[in-house]
Colleague: 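This is the structure I have questions about; it appears just below.
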2 protein chains.
Amino acid sequence: MTRANEAWESLMKAYSVLMKQFNAEDIWGDLTMREYDVLYQLSKCDGPLRMSELNRHVLLSQPALSRMVDRLADRGYVDRCPDPGDRRGVRLTLTPAGRATQRQIGSPHARSVTRALSVLTPEELEQLAAITGKLSQSEE
Amino acid sequence: MTRANEAWESLMKAYSVLMKQFNAEDIWGDLTMREYDVLYQLSKCDGPLRMSELNRHVLLSQPALSRMVDRLADRGYVDRCPDPGDRRGVRLTLTPAGRATQRQIGSPHARSVTRALSVLTPEELEQLAAITGKLSQSEE
DNA sequence: TAGTGACTTATGCGTTTGCATCTACTCTAA
DNA sequence: TTAGAGTAGATGCAAACGCATAAGTCACTA
């Protein structure tokens, strides 16, 4: 077992442990964590996002994302309008309700994240962000 | 946005990017990555594993894991026998076929992992393992 | 400008998931 | 020894998922 494999396994375990921990918290209202993630990704970009672009940031197959956006649109959280420049595409934006919901859930969730990572020193946080950043940049 | 939140977001992104990358590789045969993970977790422990113990290492709900083990047992990869010490419980072991399949997939997968993490220095690998280890230990 | 291949999103369909609940067993203590 | 609380895993069911593919659009070329 190489160092790389140990590191990856450790990363996966941390992801799994923390995900379960966050999921168990009673802050998600009528959203699943995956749905929240979609709203969060949309909230980060001010401009409208293409479906394919959003799909790059979310761990979901393209059809699954398509349908999830469908449901979020039905529920009034997301606005999907045709892209005038490319009629194949769609432009996604948060509705005011979607933005409000994202903020309402995001706030306590951000506190949970801070609490969960509070076992790390500021230097370790810095290192973690730098190293994982390097990993995701390496291949996109 | 605190350092902690940035670090967590960066970790999630790395997880998502690498997972997609690994999933896209043509090495999984008739298994999904989740199924492979179950076989892998079983392969790590020599002794038989309880369902609940296995569930702690896998990002799946208890019923989903129960049924996945069901299917893996049907397919001859996993042996589930009643725990003599606790008749509620089950003892899970890899069958020879399960172990062989795990190794067959694990080998190229381990190489992929090594390749994907090769952008990191040995020191960074060390730090990543240490930091993520700290994260998952903090709450179990 | 008609044809071909690439790209973007949607849909059909069988499988898998999570939630709630159930059954069966264990443990504690009266 | 037995009632009641707790734990382990299984099952019913609706919702969500991934794979394969369809439908519509773009871009390039003959």
Side-chain angles (χ1 to χ4, degrees), chain A residues 16 19-39 41-42 48-75 77-93 140, chain B residues 16 19-39 41-42 48-75 77-93 140:
Chain A
S16 149
M19 275 309 213
K20 283 193 178 181
Q21 206 172 291
F22 295 145
N23 191 47
E25 304 194 358
D26 192 26
I27 61 172
W28 302 104
D30 62 344
L31 294 182
T32 63
M33 276 178 81
R34 284 174 157 183
E35 288 169 338
Y36 170 76
D37 190 27
V38 167
L39 296 193
Q41 298 298 336
L42 287 175
L49 216 55
R50 292 290 295 263
M51 197 77 117
S52 54
E53 187 62 31
L54 176 59
N55 202 174
R56 230 163 274 136
H57 300 310
V58 166
L59 196 46
L60 264 183
S61 70
Q62 176 272 316
L65 178 60
S66 179
R67 276 187 254 246
M68 178 175 291
V69 168
D70 240 358
R71 297 189 295 269
L72 290 172
D74 281 348
R75 290 156 72 186
Y77 292 142
V78 170
D79 189 42
R80 81 197 305 170
C81 68
D83 187 325
D86 180 351
R87 281 187 302 171
R88 296 169 300 180
V90 185
R91 292 154 59 99
L92 302 172
T93 10
E140 358 170 52
Chain B
S16 150
M19 276 308 214
K20 283 194 179 182
Q21 206 172 293
F22 295 145
N23 191 48
E25 304 194 357
D26 192 25
I27 61 172
W28 302 104
D30 62 345
L31 294 182
T32 63
M33 278 178 79
R34 283 175 158 181
E35 287 168 338
Y36 170 76
D37 190 27
V38 166
L39 295 193
Q41 297 299 335
L42 286 174
L49 215 55
R50 291 291 295 263
M51 198 77 117
S52 54
E53 187 62 31
L54 176 59
N55 203 175
R56 230 163 274 135
H57 300 309
V58 167
L59 196 46
L60 264 183
S61 70
Q62 177 271 316
L65 178 60
S66 180
R67 277 187 254 246
M68 178 174 290
V69 168
D70 240 359
R71 296 189 295 269
L72 290 172
D74 282 348
R75 290 157 69 185
Y77 292 142
V78 169
D79 189 42
R80 82 199 301 172
C81 69
D83 187 325
D86 180 350
R87 282 187 299 171
R88 296 169 300 180
V90 186
R91 292 154 58 99
L92 303 173
T93 11
E140 15 168 35

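Proteins get letters first, then strands, A, B, ... in listed order; numbering begins at 1 in each. Just the heavy atoms: all of them, side chains too, but no hydrogens, waters or symmetry mates, feed the values below.
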Colleague: Check whether any side-chain N or O of B:Lys20 sits under 3.5 Å from a backbone N or O of A:Val58 as a donor-acceptor pair, and report yes or no.
Modeller: yes
Colleague: Under 4.0 Å: is that the gap between some side-chain N or O of A:Arg87 and OP1 or OP2 of D:dG24?
Modeller: no
Colleague: Any base atoms under 4.0 Å from B:Arg80, or only sugar-phosphate, or nothing? Heavy atoms, all strands.
Modeller: sugar-phosphate
Colleague: Please evaluate the base of C:dG12 for a donor-acceptor partner in the side chain of A:Arg67 within a cut-off of under 3.5 Å?
Modeller: yes
Colleague: What is the separation between atom CG on A:Asp86 and atom C1' on C:dC7, rounded to the nearest whole Å?
Modeller: 8 Å
Colleague: Does A:Ser52 make a side-chain N or O approach to OP1 or OP2 of C:dT9 shorter than 4.0 Å?
Modeller: yes
Colleague: Name the nucleic acid region contacted by B:Arg71, choosing base, sugar-phosphate or nothing; use a 4.0 angstrom heavy-atom cut-off, strictly under.
Modeller: sugar-phosphate
Colleague: Expressed as a whole number of angstroms, how long is the span from B:Trp28:CH2 to D:dC19:C1'?
Modeller: 17 Å
Colleague: How many whole angstroms separate atom CZ of B:Arg75 from atom P of C:dT16?
Modeller: 8 Å
Colleague: Calculate the interatomic distance between B:Leu65 atom CG and C:dC19 atom P; express it in whole Å.
Modeller: 14 Å
Colleague: Answer with yes or no whether B:Gln62 presents, from its side chain, a donor or acceptor under 3.5 Å of a partner atom in the base of D:dA8.
Modeller: no
Colleague: Could you give the CG-to-P distance, from A:Asp70 to C:dT11, as a whole number of Å?
Modeller: 7 Å
Colleague: Spell out, as yes or no, whether a donor-acceptor pair under 3.5 Å connects the side chain of B:Asn55 to the backbone of B:Leu60.
Modeller: yes
Colleague: Can you see which heavy atom on B:Asp30 is nearest to which on B:Tyr77, and at what distance?
Modeller: OD2-OH, 3.1 Å
Colleague: Establish, with yes or no, whether the OP1 or OP2 oxygen of D:dG9 is under 4.0 angstrom from a side-chain nitrogen or oxygen of B:Arg50.
Modeller: yes
Colleague: Within this structure, what is the CG-CG distance for the pair A:Asp37 and A:Leu42, rounded to the nearest 0.5 Å?
Modeller: 9.5 Å
Colleague: Roughly how many Å is it from CG in B:Asn55 to P in D:dA10, rounded to a whole number?
Modeller: 11 Å
Colleague: How many Å lie between CE on A:Met33 and P on C:dT17, as a whole number?
Modeller: 17 Å
Colleague: Assess the residue pair B:Arg75 and B:Leu31 against the criterion (side-chain contact (heavy atoms from CB on, under 4.5 Å)); give the C-alpha distance rounded to whole Å, side-chain angles, the decisive distance to 0.1 Å, and a yes or no.
Modeller: CA-CA 11 Å; B:Arg75 290 157 69 185; B:Leu31 294 182; 3.6 Å; yes
Colleague: Starting from the 5' end of DNA chain C, give me the residue, A:Arg88 or B:Leu59, whose nearest nucleotide shows up first.
Modeller: A:Arg88
Colleague: Check this for me: does the side-chain of B:Arg34 come within 3.5 Å of the base of D:dG18 through a donor and an acceptor?
Modeller: no
Colleague: Using the closest heavy atom to pick a nucleotide of DNA chain D for each, name whichever of A:Pro84 or A:Leu60 lands nearer the 5' end.
Modeller: A:Leu60
Colleague: Would you say C:dA10 has OP1 or OP2 under 4.0 Å from some side-chain N or O of A:Ser66?
Modeller: yes
Colleague: Starting at CG of A:Asp26 and ending at P of C:dC19, how long is that distance when rounded to a whole Å?
Modeller: 12 Å
Colleague: With a 4.0 Å cut-off on heavy atoms, is A:Asp83 in touch with a base, just the backbone sugar-phosphate, or nothing at all?
Modeller: nothing
